[in-house]
Amino acid sequence: PTIDYQAKAKMMGGSAVTIHHSGGKLRMEIQPHGLPQAITGIMDLPAHKMIMIGAVPGMSNMAMEIDIGKDASYGQVVGEGKRVGTATVAGESCELWEVESKTGLNGEPVTACISRDNIPLRTEATFEGKRRAIMEVTELQRTRQDPPLFVLPPNIQVIKLPRGVMPGTAVPGKQ
């Protein structure tokens with residue numbers, strides 16, 4: 001994105017998300033459907049890295065660094081694509097771009113609806129033979145974001161997860 005913004009969105013599975021963006025940094029506050037505690041992710045989009053801070057019992061001062069690669073796991077798509085149409089999402093006009101996915105989505109193309117200032121408003125992919133929205137913005141405000149939103153809280157210990165391992169999955173050879 002070429003502008004600071006704040007958005008409300010919904011993710012596949014029913015999670016509610018608040019998104020903040022400024023200068024290539026993205027903060028996602030995810031309220032998983034049916035869970036009482038929110039998860040916060042701070043992404044460095046150019047570096048394809050995310051730090052996940054969650055309310056895991058006994059791990060209040062811990063965070064996980066994840067290589068988010070170039071897939072569309074969190075609604076952010078990186079890569080080469082081709083323009084395939086236009087749409088409207090949350091009252092905003094956007095261009096539809098089809099991007100070939102190399103990881104995480106069975107090699108199927110991902111379609112992203114991108115605003116005139118490069119804000120991803122909706123990301124769709126095929127799961128189990130059906131086209132589904134991974135992320136869709138429901139409200140959007142183009143407004144300056146507070147820089148501390150993109151900084152880890154003090155005294156947080158960061159654990160780097162091995163490449164290709166997402167939270168909640170087993171690490172090969174580790175129990």
Side-chain angles (χ1 to χ4, degrees), residues 1-33 38-54 64-128 130-147 149-151 163-164 166-167:
T2 58
I3 191 166
D4 284 10
Y5 71 90
Q6 178 177 325
K8 299 276 186 198
K10 58 184 176 181
M11 293 191 75
M12 188 170 65
S15 298
V17 183
T18 301
I19 302 166
H20 302 271
H21 173 270
S22 181
K25 303 282 187 196
L26 189 85
R27 178 185 178 107
M28 297 180 77
E29 297 160 1
I30 305 167
Q31 181 59 59
H33 180 69
I39 298 168
T40 299
I42 300 174
M43 294 184 190
D44 181 330
L45 296 173
H48 307 287
K49 299 277 184 205
M50 175 169 52
I51 306 255
M52 294 284 294
I53 307 163
M64 295 175 283
E65 182 177 311
I66 303 159
D67 180 355
I68 57 173
K70 294 186 177 185
D71 67 12
S73 300
Y74 296 93
Q76 304 301 312
V77 180
V78 178
E80 297 296 317
K82 62 180 177 182
R83 188 169 183 257
V84 295
T86 60
T88 301
V89 175
E92 297 270 338
S93 296
C94 51
E95 293 184 351
L96 295 171
W97 287 84
E98 188 174 272
V99 180
E100 293 297 323
S101 175
K102 303 296 182 212
T103 60
L105 299 169
N106 302 320
E108 294 285 328
V110 173
T111 304
C113 199
I114 309 293
S115 72
R116 69 187 176 334
D117 42 13
N118 297 331
I119 298 170
L121 299 175
R122 181 175 56 224
T123 306
E124 295 180 341
T126 302
F127 289 94
E128 299 170 354
K130 295 180 183 174
R131 200 75 180 153
R132 298 183 187 179
I134 297 169
M135 183 277 308
E136 184 168 349
V137 168
T138 56
E139 298 175 31
L140 178 65
Q141 296 176 327
R142 290 171 177 84
T143 183
R144 188 178 180 280
Q145 298 299 298
D146 194 11
L149 284 171
F150 308 97
V151 177
R163 189 174 191 73
M166 293 298 289

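Looking only at side-chain heavy atoms (C-beta outward), Val17 and Met135 stay at 4.5 Å or farther from each other. Under the 4.5 Å side-chain criterion, counting only non-hydrogen atoms from C-beta, Pro32 is in contact with Ile39. Counting only heavy atoms from C-beta outward, the side chains of Met28 and Ser15 never approach each other to under 4.5 Å.
Nearest heavy-atom pair across Phe127 and Ile134 is CE1-CG1, 3.9 Å. The two atoms that bring Met52 and Gly41 nearest to each other are SD-CA, 4.1 Å, heavy atoms only. Across Leu121 and Cys94, no two heavy atoms sit closer than the pair CD1-CB, 3.8 Å. A pairwise comparison of heavy atoms in Pro109 and Arg131 identifies O-NH1, 3.3 Å as the closest pair. In this structure, Ala133 and Met12 approach most closely via the heavy-atom pair O-CB, 3.3 Å. Across every non-hydrogen atom of Ala87 and Arg122, the tightest pair is CB-NH2, 3.8 Å.
Partners of Ala90 by side chain to side chain contact (heavy atoms under 4.5 Å, CB included), not counting sequence neighbours, listed by chain and number: Val137.
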With a 3.5 Å cut-off and sequence neighbours excluded, list the donor-acceptor pairs that the side chains of residues 19-26 form with protein atoms.
from  : atom 1 : to     : atom 2 : distance (Å)
His20 : ND1    : Gln145 : OE1    : 2.7
His21 : ND1    : Ile3   : O      : 3.1
His21 : NE2    : Gly24  : N      : 3.4
Ser22 : OG     : Asp4   : OD1    : 3.0
Ser22 : OG     : Asp4   : OD2    : 3.2
Lys25 : NZ     : Asp44  : OD2    : 3.0

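The line from CG of Asp67 to CE of Met50 is 10.0 Å long, rounded to the nearest 0.5 Å.
For Arg144, the CZ atom counts as loosely surrounded, since its 6.0 Å shell holds 12 or fewer non-hydrogen atoms of other residues, nucleotides or ligands.
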Give the intermediate values and the outcome of side chain to side chain contact (heavy atoms under 4.5 Å, CB included) for residues Arg142 and Ile119.
-> CA-CA 10 Å; Arg142 290 171 177 84; Ile119 298 170; 4.2 Å; yes
